[in-house]
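Throughout, numbering of the chain's residues begins at 1 and tracks the sequence. None of the values given here were measured: they were computed from a predicted structure.
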Amino acid sequence: MTDIARSGTAASTQVVPNNGLAYTVLGRTVESERVFDAVADHFDGVPDGAIDVVVDDLAPVAAREGVDSAVAFVDCLLERFVGRVGRISMGCSFEIPVELLSRVGARADVVVGPDAEAVTAVERLSREDPTTFGYVRRHWVEAKRGIEMCDRNYPQSKQVHAALADPETTPRTLGATLSGMVTLGALETWGDTVGPTRYDLTAYRPKRTWALGAAIATGVSDD
C-alpha cells in the first residue's frame, strides 16, 4: 500500500506478474479497514499461506495519527491476516518513535536490522547482570524520555524522574535503568562521588539508545 496522495475513495490495483507482486494505491486519509479490505481482495481463490503481506513503513502512520493508532493498525493487521498469509513483514524508518519500536517489536516474531554491536552489548548485559537488564528492558523508553526532558546536565536519578509526567518507574527503578544504560554505552556518569550517582547528560547518545532499543526488541529474554 503506497502513500501516494489520491482521493480517499479512489483506488487502483497494479499487478507485476514477473515479480509476483500486487499493490493497491489508496489515499493518504483512507481508514485502516479500507486498507485491510484492499489487501483481502488479493486473497480470493488463493490457498492460505500463498501470499506474503509487506507494510513498507509504519512511521508515517505514527507521524500522522499517533503511536496508538499505528499500534492499533498492526494489531488489526495481525488479527485479520495471521493464518491466511505466508508472512507479514513491517518496515520502520530509522529513529521511529521509541514507543512504536518498543510496542510493535513486542508483537513481532523476529526483528531484523538492529546494529550488531548493540545486539552484542544487550546480550552481554542479559547474561552478566540479568537484574539490571530486566530494568532496562522494561523501562528504557521512559528513561530515554526522562533524559531528554531533564533540564540538568548532571542530575541524580530522582531529578531525572522528577522531569517525567505520570511515570511508571520509581526513582529507584529509573536509577537501575540509567545504570544499565551507562553499561550499554548510551550514557555516562559524572565524576567520582561518595553520594548518589550523577549522570552526565552532556554525554548522552540518542542514536545509541535507539539502536539498543532495537536490539532489545529482537526478543532477548530477561528470564
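- Between Asp37 and Arg80 there is a salt bridge, with a side-chain nitrogen of the basic residue lying less than 4.0 Å from a carboxylate oxygen of the acidic one.
- In summary, Asp75 and Arg103 do not engage in a salt bridge, as defined by a charged side-chain N under 4.0 Å from a carboxylate O.
- Annotation: the span from Phe133 atom CZ to Arg127 atom CZ amounts to 11.0 Å, rounded to 0.5 Å.
- Residues Val53 and Val85 share a closest heavy-atom pair of CG2-CG1, 3.7 Å.
- Here the side chains of Met181 and Arg208 are not in contact, with every heavy-atom distance at 4.5 Å or above.
- The shortest side-chain heavy-atom distance between Phe73 and Phe36 falls under the 4.5 Å cut-off.
- Of the inter-residue distances, the one linking Asp129 atom CG with Ser179 atom OG reads 7.5 Å to the nearest 0.5 angstrom.
- Counting all heavy atoms, side chain and backbone alike, Ala215 lies closest to Val122 at CB-CG2, 3.8 Å.
- Between Trp190 and the choices Tyr199, Tyr204, Tyr154, the ring pair (Phe, Tyr, Trp, His ring centres under 6.0 Å) rule is met once, by Tyr154.
- Nearest heavy-atom pair, Ile88 versus Leu78, reported as atom, atom and distance to 0.1 Å: CD1-CD2, 4.0 Å.
- Scanning all heavy atoms of the two residues, the minimum distance from Leu100 to Ala62 falls at CD2-CB, 3.8 Å.
- Within the model, atoms CG of Leu178 and NE2 of His161 stand 10.5 Å from one another, a figure rounded to the nearest 0.5 Å.
- Exactly one residue among Leu77, Val54, Asp57 makes a side chain to side chain contact (heavy atoms under 4.5 Å, CB included) with Met90. That residue is Leu77.
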